Undergrad: 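Take this structure first; my questions come after.
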Amino acid sequence: MRDTGPGIAASTGAVTAAAVGLRKAVIPVGLGDDSLQPASHAVPLEMLPVVDKPLVQYAVEEALACGFDELIFVTQQGLAIVEDHFARGTEEEGAAAARVIGRPSAWGPAGRPRQVVICRQGDSQGLGHALWTARNLIGEEAFAVLVPSDMLLGEKPAMSQLIDHYRTLTGNVVAVADNGLCEREGSFAAIAAGSAGRYILQPDIFPALERQQGLDIRQAILSMTEVWPSRALAFAGRHFDCRSPEGLLEAQIAFALDRGDLAGHMDDVLARYGNGRNTGTGISRAANAWQSGD
């Protein structure tokens, strides 16, 4: 258990993004690949809370803790609630993007980044399409990607671990949760199997994406190996896929236990429910606890 802030590990002594030439972090919102209906029908998945913050804020705080000073949000029409969470005051809209003034309390301990850009895409067609939409804002420089629905909890932020790895690799780095697959079959198999929602990518990803049917991000990364080394990194920590009810529920428990101000209460809650469902009577322990007034 740590007291360095909810869900964000202390990064003292870690290599920052700026130290390895990284400035921009892309945060895609509304990828539309969740199974949380009806909860995510009216409220975007990324605005659902884990403990007391929406998913998207954890990703933002992770990016800022790692030293990124420009955030690019890729959103869609109808997702203004995400923008409103981080913005107030006037918004000067252009054809593709708008700069917004951040509300410090929403940015977390690291404070507001130097620049925030909102890039709106059409209908969601996956991560590759979201990155393709932001290509002109990213330009000809390496960049990071943090997918808010992938929650990562460890002693050191997952993106910070990727930056440490990138310092020696200088190519594409993809966070994966399955260390066993990495060890058995290597980076190609691990990347093909899917990421844990954290990437550091070279700008050559955009022509590679254009060559892939459906702008498939995994195939685009794998196709770049003759130009750039691509490595899967099994990060040290836990991965929660919050696109599913099971993943979101487990993230709630894990992040509450990680909070110094909530861990004791969470221990009491878990003890109250014992080993889970009381299958012998068909009545849940939750109902029993409620009926007895515990």
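Keep in mind it's a predicted model, so treat the numbers as computed, not measured.
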Undergrad: My understanding is that only residues two or more places apart in sequence, or in another chain, count here; which of them pass side chain to side chain donor-acceptor pair (under 3.5 Å) with Gln219?
TA: none
Undergrad: Might you point out which heavy atoms bring Arg218 and Ala192 nearest each other, and give the distance in Å?
TA: NH1-O, 3.0 Å
Undergrad: Could you check if a side-chain atom of Ile253 sits within less than 4.5 angstrom of a side-chain atom of Leu270, using non-hydrogen atoms only?
TA: yes
Undergrad: I need the minimum non-hydrogen distance between Glu62 and Met159, along with the two atoms involved.
TA: OE2-N, 2.9 Å
Undergrad: Taking the side chain as C-beta and beyond, is there a heavy-atom pair between Leu162 and Val174 under 4.5 Å?
TA: no
Undergrad: What's the shortest heavy-atom distance between Ile27 and Pro148, and which atoms?
TA: CG2-CG, 3.6 Å
Undergrad: If I compare all heavy atoms of Ala177 with all of Ala196, which pair ends up nearest, and what's the gap?
TA: N-CB, 4.2 Å
Undergrad: Could you give all pairs that pass the ring pair (Phe, Tyr, Trp, His ring centres under 6.0 Å) test and reach residues 198-219, with sequence neighbours left out?
TA: Phe143-Phe206
Undergrad: Show your reasoning for whether side-chain contact (heavy atoms from CB on, under 4.5 Å) applies to Gln252 and Val51.
TA: CA-CA 6 Å; Gln252 299 279 4; Val51 188; 4.3 Å; yes
Undergrad: What I'd like to find out is whether the side chain of Tyr166 reaches to under 4.5 Å of the side chain of Leu233, using heavy atoms alone.
TA: no
Undergrad: Counting neighbours of CD on Glu140 that are heavy atoms of other residues, nucleotides or ligands and sit closer than 6.0 Å, is the number greater than 12?
TA: no
Undergrad: Below 4.5 Å, heavy atoms only, C-beta onward: do Ile138 and Pro203 meet side chain to side chain?
TA: no
Undergrad: To the nearest 0.5 Å, what is the distance between NE2 on His265 and CZ on Arg259?
TA: 12.0 Å
Undergrad: Looking only at heavy atoms, which two atoms of Pro28 and Val145 are closest? And how far apart?
TA: CD-CG1, 4.2 Å
Undergrad: Check whether any side-chain N or O of Ser35 sits under 3.5 Å from a backbone N or O of Arg243 as a donor-acceptor pair, and report yes or no.
TA: yes
Undergrad: Would you say Leu31 and Val26 are hydrophobically clustered, going by side-chain heavy atoms of ILVMFWY under 4.5 Å?
TA: yes
Undergrad: What pairs meet the ring pair (Phe, Tyr, Trp, His ring centres under 6.0 Å) rule with one or both residues in residues 210-229, with sequence neighbours excluded?
TA: none
Undergrad: So if you build clusters from Ile, Leu, Val, Met, Phe, Trp, Tyr with side-chain heavy-atom gaps below 4.5 Å, do Leu215 and Leu127 land together?
TA: yes
Undergrad: Would you say that Leu152 contacts Pro157 through its side chain, given a criterion of any heavy-atom pair below 4.5 Å between the two side chains?
TA: no
Undergrad: Working to the nearest 0.5 angstrom, can you tell me the gap between Ser223 OG and Gln212 CD?
TA: 4.5 Å
Undergrad: With Asp216, which residues qualify under salt bridge (charged side-chain N to carboxylate O under 4.0 Å, His left out), at least two apart?
TA: none
Undergrad: Tell me, with the steps shown, if Cys242 and Leu48 meet side-chain contact (heavy atoms from CB on, under 4.5 Å).
TA: CA-CA 9 Å; Cys242 294; Leu48 295 178; over 6 Å; no
Undergrad: Nearest 0.5 angstrom please: His85 NE2 to Gln57 CD, how far?
TA: 4.0 Å
Undergrad: Would you find a donor on one side and an acceptor on the other, under 3.5 Å apart, between the side chain of Gln161 and the backbone of Lys156?
TA: yes
Undergrad: State which residue, out of Ile191, Leu209, Leu222, fulfils the side-chain contact (heavy atoms from CB on, under 4.5 Å) condition with Ile217.
TA: Leu209
Undergrad: Does the Gln125 side chain pair with the main chain of Gly214, one donor and one acceptor, at a distance under 3.5 Å?
TA: no
Undergrad: Which atoms form the tightest heavy-atom contact between Ala220 and Ile205, and what is the distance?
TA: CB-CD1, 3.8 Å
Undergrad: Kindly compute the distance separating OG (Ser230) from CD (Gln202), expressed to the nearest 0.5 Å.
TA: 9.0 Å
Undergrad: So, does Arg198 use its side chain to make a donor-acceptor pair with the main chain of Asp150 at under 3.5 Å?
TA: yes
Undergrad: Determine whether Ile163 and Thr16 satisfy the following criterion, side-chain contact (heavy atoms from CB on, under 4.5 Å), listing intermediate values before the conclusion.
TA: CA-CA 7 Å; Ile163 291 171; Thr16 65; over 6 Å; no
Undergrad: Using side chain to side chain donor-acceptor pair (under 3.5 Å) as the criterion, list what pairs up with Glu183, not counting sequence neighbours.
TA: Asn179
Undergrad: I'd like to know if Met47 and Phe255 are part of one continuous hydrophobic network [Ile/Leu/Val/Met/Phe/Trp/Tyr, side-chain heavy atoms within less than 4.5 Å].
TA: yes
Undergrad: With rounding to the nearest 0.5 angstrom, report the CE to NE2 distance, Met151 to His239.
TA: 10.0 Å
Undergrad: To the nearest 0.5 Å, what is the distance between CG (Leu248) and CG (Leu45)?
TA: 7.5 Å
Undergrad: For a quick test of your reading: what N or O donor-acceptor pairs under 3.5 Å do the side chains of residues 63-75 make, sequence neighbours left out?
TA:
unit_1: Asp69; atom_1: OD2; unit_2: Arg114; atom_2: NE; d: 3.4
unit_1: Thr75; atom_1: OG1; unit_2: Glu83; atom_2: OE2; d: 3.4

Undergrad: Let's go through Arg238 and Asp258 carefully: what are the C-alpha distance in whole Å and the side-chain angles of both, what is the deciding distance for salt bridge (Lys or Arg N to Asp or Glu O under 4.0 Å) to 0.1 Å, and is it a yes or a no?
TA: CA-CA 12 Å; Arg238 295 290 306 280; Asp258 194 59; over 6 Å; no
Undergrad: Looking at Phe240, is its backbone amide N or carbonyl O close enough to the side chain of Glu250 to form a donor-acceptor pair, meaning the two atoms are under 3.5 Å apart?
TA: no
Undergrad: If we only count heavy atoms from C-beta on, is the Leu131 to Leu201 side-chain gap below 4.5 Å?
TA: yes
